[in-house]
**Q** 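I'd like to ask some things about the structure below.
Indexing begins at 1, ligand by ligand and atom by atom, following the structure's order. Everything numeric in this text was worked out from a predicted model, so none of it was measured. Position 1 is the first residue of the sequence; numbering continues from there.
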Amino acid sequence: MTGVGFIGLGNMGGPMAANLARAGLRVQVFDLLPDHLIAAGQAGCHCAASAAQAVAGCDLVISMLPAGEHVVGLWLGTGSGDIVGNGLLAALSPDTLVIDCSTIDVASARAVGEAARALGHRFIDAPVSGGVAGAVAGTLTFIVGGERADFEAAKPILAHMGQNLFHAGALGAGQIAKMCNNMLLAIQMAGTAEALALGVKEGLDPAVLSGIMAKSSGSNWSLERYNPWPGVMEKVPASRGYEGGFMTRLMVKDLGLAMALAEHAHSAVPLGALARNLFNLHASRGEGERDFSSILNLYREPE
Ligand code: NAD
């Protein structure tokens, strides 16, 4: 391997690139925000003056950007990339493995993947689960769409940033699987908050009720591992004022992607749509930057 080009050094990309550098790889990085670039340099990455410079000479490149328009803009040059009208795919060395880790709409992932292949490159969509804490700790889950051989080729690199590596299927399948998972998570979290709020209003202790449901048929990840009621569980966002974790606005974004997917598939998602409305309402009340388990506050009586 000659080196890794890494574009997008925000909350997720910054620590992911740092983990690659910590593993001894040469990581050439770029971000539009100078502060993010400086932080990556301090973490051992090589700072580039442009995205094109970051990918120069690399046989593997990674992007970690906010949304589909940024990914399309960067790689195809039709949007907000730094080389608009002249996408970065055209600047890559032959047969480069392109890994997009952003959570984006399936159509954008497929468009970039197909364009990469047309230019003789390899591409996988590899969105992650695990949040900022997982990115820092190198324990992310990667959910990959694309050719199995390309997934196998990416595995040694992904293993420096994550613990669980899944091949979901063909191009775009990583995004589809991630959207299904996050839609289920949103439904589960809202349902857990609703059940806890009901029990507490009728006089139950939230810890006692959580313990009972965790060992009964209502058991689920949000209840057992990420309990939304403050003080029931240590080291979860609910017990530190819903700071850190997975921001409500990002859940709203993912639910929007799931709704678009459902429309494309002509698949009914009534619970997903309701969850999207609930999280959207919650975000509109100024809770967008708090962890998504703060949805509990929609149900709870103010103290
Ligand atoms: P972020 O906004 O913190 O970081 C995005 C970075 O991309 C920013 O530093 C921005 O300057 C940079 N950027 C945008 N366009 C660019 C361009 N053309 N060239 C270079 N840099 C560019 O976002 P994040 O929280 O790191 O999330 C990144 C992706 O990961 C998103 O798709 C998000 O949905 C997904 N994700 C986030 C989390 C989370 O908890 N934050 C968890 C799982 C998945």
**Q** Please identify which atoms of ligand 1 are closer than 4.0 Å to at least one heavy atom of G8.
**A** 7 (O)
**Q** Can you find an N or O of D254 that's nearer than 3.5 Å to an N or O of ligand 1?
**A** no
**Q** Can you check whether L20 reaches I157 side chain to side chain, under 4.5 Å on heavy atoms?
**A** yes
**Q** So, taking the atom named CD1 in I7 and the one named CG in L88, what distance separates them when rounded to the nearest 0.5 Å?
**A** 6.0 Å
**Q** Would N11 count as a polar contact of ligand 1, with the cut-off being nitrogen or oxygen pairs under 3.5 Å?
**A** yes
**Q** Answer with side chain, backbone, both or neither: which part of I7 has a heavy atom less than 4.0 angstrom from an atom of ligand 1?
**A** side chain
**Q** Check for me whether A51 has a heavy atom closer than 4.0 Å to any atom of ligand 1.
**A** no
**Q** With only distance considered, is L65 within less than 3.5 Å of ligand 1 through an N or O on each side?
**A** yes
**Q** Below 4.0 Å from ligand 1: does a non-hydrogen atom of M251 turn up there or not?
**A** no
**Q** Considering the heavy atoms of F246, write down every atom of ligand 1 situated less than 4.0 Å from one of them.
**A** 40 (O)
**Q** Mind checking whether I104 contacts ligand 1 via backbone (N, CA, C, O), side chain (CB onward), both or neither, at a 4.0 Å heavy-atom cut-off?
**A** neither
**Q** Relative to the heavy atoms of L33, which atoms of ligand 1 are at a distance of less than 4.0 Å?
**A** 11 (O)
**Q** Name the option, out of R249, H70, M64, that contains the heavy atom nearest to atom 30 (O) of ligand 1.
**A** M64
**Q** If only side-chain N and O atoms count, and only distance matters, is there a donor-acceptor pair under 3.5 Å linking T103 with D254?
**A** no
**Q** Is any N or O atom of P66, backbone or side chain, closer than 3.5 Å to an N or O atom of ligand 1?
**A** yes
**Q** Check M12 against ligand 1 and report side chain, backbone, both or neither, counting heavy atoms closer than 4.0 Å.
**A** both
**Q** Using a 4.0 Å cutoff against the non-hydrogen atoms of G131, which atoms of ligand 1 qualify?
**A** 40 (O), 42 (C)
**Q** Identify, by atom number and element, the atoms of ligand 1 in contact range of S102, meaning under 4.0 Å from any of its heavy atoms.
**A** 32 (O)
**Q** Take Q175 and D105 through the side chain to side chain contact (heavy atoms under 4.5 Å, CB included) test and state the conclusion after the steps.
**A** CA-CA 7 Å; Q175 300 295 352; D105 60 289; over 6 Å; no
**Q** Can you tell me which portion of K253 lies within the under-4.0 Å heavy-atom range of ligand 1? Options are side chain, backbone, both, or neither.
**A** side chain
**Q** Go through the steps to decide whether M64 and M161 satisfy the test side chain to side chain contact (heavy atoms under 4.5 Å, CB included), and finish with yes or no.
**A** CA-CA 13 Å; M64 190 51 161; M161 302 181 284; over 6 Å; no
**Q** If a pair satisfies salt bridge (Lys or Arg N to Asp or Glu O under 4.0 Å) and one of its residues is in residues 189-215, list it, with sequence neighbours excluded.
**A** K201-E301
**Q** Who passes side-chain contact (heavy atoms from CB on, under 4.5 Å) against M233, sequence neighbours left out?
**A** N227, V236
**Q** Check the angle between the aromatic planes of H167 and F151 and answer parallel, tilted or perpendicular using the 30° and 60° thresholds.
**A** parallel
**Q** State whether E287 and R290 are salt-bridged, where the test is any N-O pair (Lys NZ or Arg NE/NH1/NH2 against Asp/Glu carboxylate O) under 4.0 Å.
**A** yes
**Q** Would you say D31 and ligand 1 have an N/O pair spaced under 3.5 Å apart?
**A** yes
**Q** Would K178 count as being in polar contact with ligand 1, using the rule that some N or O on each side must be under 3.5 angstrom apart?
**A** no
**Q** Check the pair L185 / S222 against side chain to side chain contact (heavy atoms under 4.5 Å, CB included), numbers first and verdict last.
**A** CA-CA 8 Å; L185 173 63; S222 298; 3.8 Å; yes
**Q** Is it true that K155 and E152 make a salt bridge, defined as a side-chain N closer than 4.0 Å to a carboxylate O?
**A** yes
